[in-house]
Each structure stands twice: as C-alpha cells, then as structure tokens.
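Reading through the structure tokens given below for one structure.
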Amino acid sequence: MVNITLVQGDITQVPVDAVVNAANSSLLGGGGVDGAIHRRGGPEILDACRALRASRYGKGLPTGRAVATTAGRLPAQWVIHTVGPVWSREEDRSELLASCYRESLRVADELGAATVAFPAISTGVYGWPMDDGARIAVETVRTSGTAVEEVRFVLFDEPAYRTFAARISAS
Ligand code: AR6
C-alpha cells in the first residue's frame with residue numbers, strides 16, 4: 001500500500017521522482033505552485049509544455065487530467081502537470097479534483113516513479129476550502145491502487161499542514 005507522508009515547505013525543493021504541478025489548462029505557467037515550478041525548473045519545462053500544446057493538447061489540458069514533462073533543474077525527474085477545478089459553491093466539482101490525484105498517479109505509474117510530491121491542488125488561486133481539499137486528496141490517494149511507494153504532500157504553510165495531518169489521522 002502507498003505510504004503517505006507530509007511535509008511543510010516549498011514543493012520545488014523536494015527531491016522526489018515526480019513533482020505534481022497545480023497548473024491551468026494553458027500549460028503555459030501562472031502563479032502559485034505553477035509559477036514557482038517554472039521559475040526554479042527553468043525554461044526546459046516551458047519548452048516541453050509548448051511542445052505538448054503544439055501536439056496532443058492543442059486546446060489545452062482538460063480539468064482533471066494529467067501529463068508529464070521534464071523537471072528541468074528541479075531536484076526531480078519529472079513534473080506531472082494537472083489542472084484542478086475552480087471551487088464552486090453552486091456545483092459539486094469534487095470528482096474533478098479527485099481525478100487530478102488519480103490521473104497524476106496513473107501517469108506516475110506509467111513513468112515508473114516511486115516517489116511523488118503533491119501540493120494541495122485547487123486550494124490556492126482556485127479557492128477550494130483546505131479541509132475539503134485535504135479530505136479528497138487523502139481519500140483518493142489511499143484508494144488509488146497506485147504502484148507509487150511514497151506520496152508526499154507538500155503543504156506551504158502550517159495551517160495547511162495541520163489540516164492534512166488531521167485528515168490523515170482521522171481516517
Ligand atoms: N510549494 C508548495 N505549495 C505551494 C507553493 C509551493 N511553492 N506555492 C503555493 N502553494 P495554487 P490552484 C500552495 O494557487 O489553487 C496558478 O496560477 C498554496 O498555498 O498554486 O490549483 C495556475 O497557473 C495552495 O495551498 O494552485 C492556475 O492558474 C496550493 O499550493 C492556478 O494557479 C495550491 O495553490 C491553480 O490554482
């Protein structure tokens with residue numbers, strides 16, 4: 001069974017096989033985790049994303065899906081880009097958020113990655129409440145059936161870390 005670990009910090013500094021990026025459909029960068037990954041990883045990642053836009057993902061990467069590129073200068077081998085849903089009060093988009101974790105792990109399995117770092121997808125710019133985002137993240141990873149050995153959630157601040165820790169010990 002997959003071993004789930006937690007760390008507080010910056011996901012661009014974590015030495016793992018694959019780092020998951022909370023991207024947007026354009027795959028061409030943004031703020032938050034996405035901005036940090038492109039900044040630290042260097043232009044190779046953006047080049048690879050542009051190539052994906054010019055080939056398989058002409059219209060962009062759909063919400064809930066995942067695709068891998070090089071990790072450039074990050075201390076990882078791959079970046080797995082996934083597009084979280086924007087949080088909505090009117091519409092339940094939980095299944096799309098779960099799909100981000102599931103699809104990212106499916107891509108990680110294809111790559112043969114043993115260690116994968118995830119941020120709390122959609123809980124920043126996209127406005128998903130942290131507690132619910134943590135619940136979906138932990139439940140989905142636990143039930144994924146992935147061959148990945150370790151999933152490390154990298155939480156940016158202490159409240160996020162505590163929320164994930166509470167979720168893990170509650171279930
Ligand atoms: N390491 C770990 N976690 C981080 C880092 C970091 N370096 N930076 C932020 N976080 P966000 P989203 C946390 O906004 O909500 C971008 O512009 C942050 O505190 O990165 O999925 C994309 O291009 C929050 O808890 O992603 C998209 O347009 C979590 O990571 C859009 O934002 C996710 O925050 C995606 O929004």
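For ligands, and for the atoms within them, numbers begin at 1 and follow the listed sequence. Quick caveat: nothing in here was measured; it's all calculated off a predicted structure.
In this structure a side-chain-to-backbone donor-acceptor pair under 3.5 Å is present from Arg53 to Gly58. At distances below 3.5 Å, not a single donor-acceptor pair connects side-chain atoms of Thr69 with backbone N or O atoms of Ile45.
Distance from atom 25 (O) of ligand 1 to its nearest protein heavy atom, with residue and atom name: Thr123 OG1, 2.7 Å. Looking only at heavy atoms of the protein, atom 10 (N) of ligand 1 is closest to Val33 CG2, 3.5 Å. Among protein heavy atoms, atom 15 (O) of ligand 1 sits closest to Gly124 N, 2.8 Å.
Residues Arg50 and Leu28 have side chains in contact (heavy-atom distance under 4.5 Å, counting atoms from C-beta outward). Looking only at side-chain heavy atoms (C-beta outward), Asp10 and Arg40 come within less than 4.5 Å of each other.
Near Gly9, meaning under 4.0 Å from any of its heavy atoms, are these atoms of ligand 1: 1 (N), 2 (C). Atom numbering of ligand 1 starts at 1 in the shown order; those under 4.0 Å from a heavy atom of Gly30 are 17 (O), 23 (O). Listed by number with element, the atoms of ligand 1 under 4.0 angstrom from any heavy atom of Ala120 are 29 (C), 33 (C). Atoms of ligand 1 lying under 4.0 Å from any heavy atom of Asp34, numbered from 1 in the order shown and given with element: 22 (C), 23 (O). Under a 4.0 Å criterion applied to the non-hydrogen atoms of Gly31, ligand 1 contributes the atoms 16 (C), 17 (O). Short contacts between ligand 1 and Asp10, defined as distances under 4.0 Å to a heavy atom of the residue, involve ligand atoms 1 (N), 6 (C), 7 (N). Near Ala22, with a cut-off below 4.0 Å to any heavy atom, the atoms of ligand 1 are 21 (O), 22 (C), 26 (O), 35 (C). Those atoms of ligand 1 that come under 4.0 Å of a heavy atom in Met130, given as number and element, are 25 (O).
In summary, the side chains of Thr163 and Asp131 do not present any donor paired with an acceptor at a separation below 3.5 Å, with no hydrogens or angles considered. Between the side chains of Glu103 and Thr82, no donor-acceptor pair is found at a separation under 3.5 Å.
A distance of 7.5 Å separates NE2 of His81 from CG of Leu52, quoted to the nearest 0.5 Å. Distance check, rounded to the nearest 0.5 Å: CD1 of Ile121 to OG of Ser104 gives 5.0 Å.
Ring-plane geometry between Trp87 and Trp128 is classed as perpendicular, the angle between the planes exceeding 60 degrees on a 0 to 90 degree scale with a lower cut at 30. By the 30° and 60° cut-offs, the orientation of the rings of Phe153 relative to Tyr101 is perpendicular.
Nearest-heavy-atom check against atom 21 (O) of ligand 1 across Ser122, Cys100, Ala117, Ser25 picks out Ser122. Considering only non-hydrogen atoms, atom 1 (N) of ligand 1 lies nearest to Ile11 out of Thr163, Ile11, Val125, Val7. Here the shortest heavy-atom distance to atom 27 (C) of ligand 1, taken over Tyr126, Trp128, Phe156, belongs to Tyr126.
Checked by distance only, ligand 1 and Thr12 stay at 3.5 Å or farther apart across all their nitrogen or oxygen atoms. Taking any N or O of Gly32, backbone or side chain, none lies under 3.5 Å from an N or O belonging to ligand 1. Of the N or O atoms in Pro119, none lie within a sub-3.5 Å distance of an N or O in ligand 1.
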For Asp109 and Arg106, run salt bridge (charged side-chain N to carboxylate O under 4.0 Å, His left out): C-alpha distance rounded to whole Å, both residues' side-chain angles, the deciding distance at 0.1 Å, then the answer. CA-CA 5 Å; Asp109 283 340; Arg106 192 182 56 74; over 6 Å; no
